[in-house]
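Accompanying notes for the structure given below.
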Amino acid sequence: MNNNGRAQFSSKFAVVVAAAGSAVGLGNIWRFPYELGSNGGFAFLLVYLLFVFLLGMPVMLSELVIGRRSQTNASGAFRVLKPGSHWSLVGLLGVITAFVILSFYFVVAGWSLEYVFQALVNRFEGQTPNDLSQAFTDFSTDAFRPLLWTVVFVFLTSAVVLAGVQKGIENISKILMPVLFLIILILCVRSLTLPNANEGLKFLFKPDFTKINSSVVLSALGQAFFSLSVGMSCLITYGSYVSKKNNLVHTAFEVTALDTLVSVLAAVAIFPAVFSLEINPAQGPELVFITLPNVFTQIPGGYVWAVLFFLLLAVAALTSTISLLEVITAYVTEEFKLKRRTVVLSSIVILVFCATLSSLSLGVWSDLQLFGMSLFDFFDYLSSKILLPVGGLFISVFLGWFYPRKETLDELSNGGKLSVPLFNIYFFLLRYIVPVAIALIFINELGLTK
Ligand code: PHE
């Protein structure tokens, strides 16, 4: 606890691990590869990397500044920094975004538990790529089974969030993130040594600029924000638990670099195998769930690796769902003076309801559509392609234009104790590049320029 009586992460390492725990998740291992596959490979990767460092990282740093400066939840933070304004609505938008993301994220997290189970009972052995693909379709369109796992996942998340910031969130992330990393490396080696692996590498790294279009650009923007957990005040909330001694610039850089590394490695583990096994790279959300089981059947000791991999995928998802639920919990407990327990338990009810809708929308309720998308796809689209970029836009405008520059510098330099050599570049990006880029991408995608 710090002197305001608020919980705090215990060390510098703990901060990076918790923030990286939030960032690294299904976004890297499930969503990144399939977005990359459906958006032409290299073109997407290039734009994505550009956005991560030019737009995502500055917003991440800004969220950490806002959170640590204000020492309070997503919405309260803006009120503390700019009393009497409407900026706290940006925090509220973040809380709503957390609900929208969790509505589909819990479903996919549930899938990862089912795959732990399938790996445990050795279901992948002797299966052809077609069998594995059919098995995934049968499972994900089933009415009951995915729901069961989703509910299990909601309860796991709630249990950790109930245990509180330090004990729950920190301890889990600290041990398991490094192991996940190791397994992805092993998968890369196997995937790269499969016949025809070269094709996958070409898809990823061979320059081809003809495939860049407005939809690829918006997808890359959405993926960058989603993967870094920025644009919805998640890192404002975590930032409020960061000690005043921590170097925020280092934290933001380390988390961004780690998150990006995991995504790129996941792609290297997946695409050579996709081409080797002649799976369609533009498959969509099932890509990882049908590609990797195929790879496991071809690795010595594949059984063990498969179990471990899906277990760790579930854990990576868990450290992300925790951070999302923590945004909601911190907001409601602090703004409405309610007990943590009451808040978590009532959120569960809403979340199970929404996750049920999106899970069923892939199968028995596939007729239920919004804007031509299943509810599952709609929640995904709304959060990553609209809400997160809009949130990021507001956060950058707030810090760039409506909050004194010297206060931001003061927070980043820990009251003048640290030097912040790149401050001018950061501030320039925040003030001009981030908001203008996001606005232009929207205008372009909406077709207003035509
Ligand atoms: N970044 C997480 C992932 O990649 C998802 C997430 C988004 C978590 C926004 C928190 C906030 O899986």
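Ligands are counted one by one from 1 in listed order, and the atoms in each one are counted from 1 as well.
The nearest non-hydrogen atom to atom 2 (C) of ligand 1, considering only Ser263, Ser22, Ser384, comes from Ser22. Atom 4 (O) of ligand 1 has its nearest heavy-atom neighbour, among Ser323, Ser233, Ser320, Ala23, in Ala23. Of the candidates Trp30, Phe225, Phe32, Phe226, it is Phe226 that places a heavy atom closest to atom 5 (C) of ligand 1.
Between the side chains of Ser62 and Tyr426, at least one donor N or O sits under 3.5 Å from an acceptor N or O.
Listed by number with element, the atoms of ligand 1 under 4.0 Å from a non-hydrogen atom of Asn28 are 4 (O). Applying the 4.0 Å criterion to heavy atoms of Gly27 picks out, from ligand 1, the atoms 3 (C), 4 (O), 12 (O). Counting atoms of ligand 1 from 1 in the listed order, those under 4.0 Å from a heavy atom of Gly25 are 3 (C), 4 (O), 12 (O). Atoms of ligand 1 found under 4.0 Å from any heavy atom of Ser227, numbered from 1 in the order shown, are 1 (N), 4 (O).
Looking only at heavy atoms of the protein, atom 10 (C) of ligand 1 is closest to Ser229 OG, 3.3 Å. Of all protein heavy atoms, the one closest to atom 12 (O) of ligand 1 is Tyr105 OH, 2.4 Å. Nearest protein heavy-atom contact of atom 11 (C) of ligand 1 is Met232 SD, 3.3 Å.
Below 3.5 Å of separation, one finds no N or O of Leu324 facing any N or O of ligand 1. Residue Leu388 has no nitrogen or oxygen atom sitting less than 3.5 Å from a nitrogen or oxygen atom of ligand 1, judged on distance alone. Ligand 1 has no nitrogen or oxygen under 3.5 angstrom from a nitrogen or oxygen of Cys234.
Look at Lys244 and Glu411 and you find a salt bridge, because one of the NZ, NE, NH1 or NH2 atoms lies within 4.0 Å of a carboxylate O, short of that distance. Using a 4.0 Å cut-off between a side-chain N of Lys or Arg and a carboxylate O of Asp or Glu, Arg340 and Glu334 do not qualify as a salt bridge.
Checked against a 6.0 Å centroid threshold, the rings of Phe42 and Phe203 do not count as neighbours. Under the 6.0 Å cut-off for aromatic ring centres, Phe376 and Trp111 qualify, their centroids lying closer than that.
Exactly one residue among Tyr115, Phe309, Trp305 makes a ring pair (Phe, Tyr, Trp, His ring centres under 6.0 Å) with Phe296. That residue is Phe309.
Between Phe336 and Tyr331, the angle of the ring planes goes over 60°, which puts this pair in the perpendicular group of the 30/60° scheme. The aromatic rings of Phe32 and Phe44 lie tilted to each other, with the angle between the two planes from 30° to 60°.
A donor-acceptor pair is defined here as one N or O able to donate and one able to accept, closer than 3.5 Å; such a pair exists between the side chain of Thr356 and the backbone of Val352.
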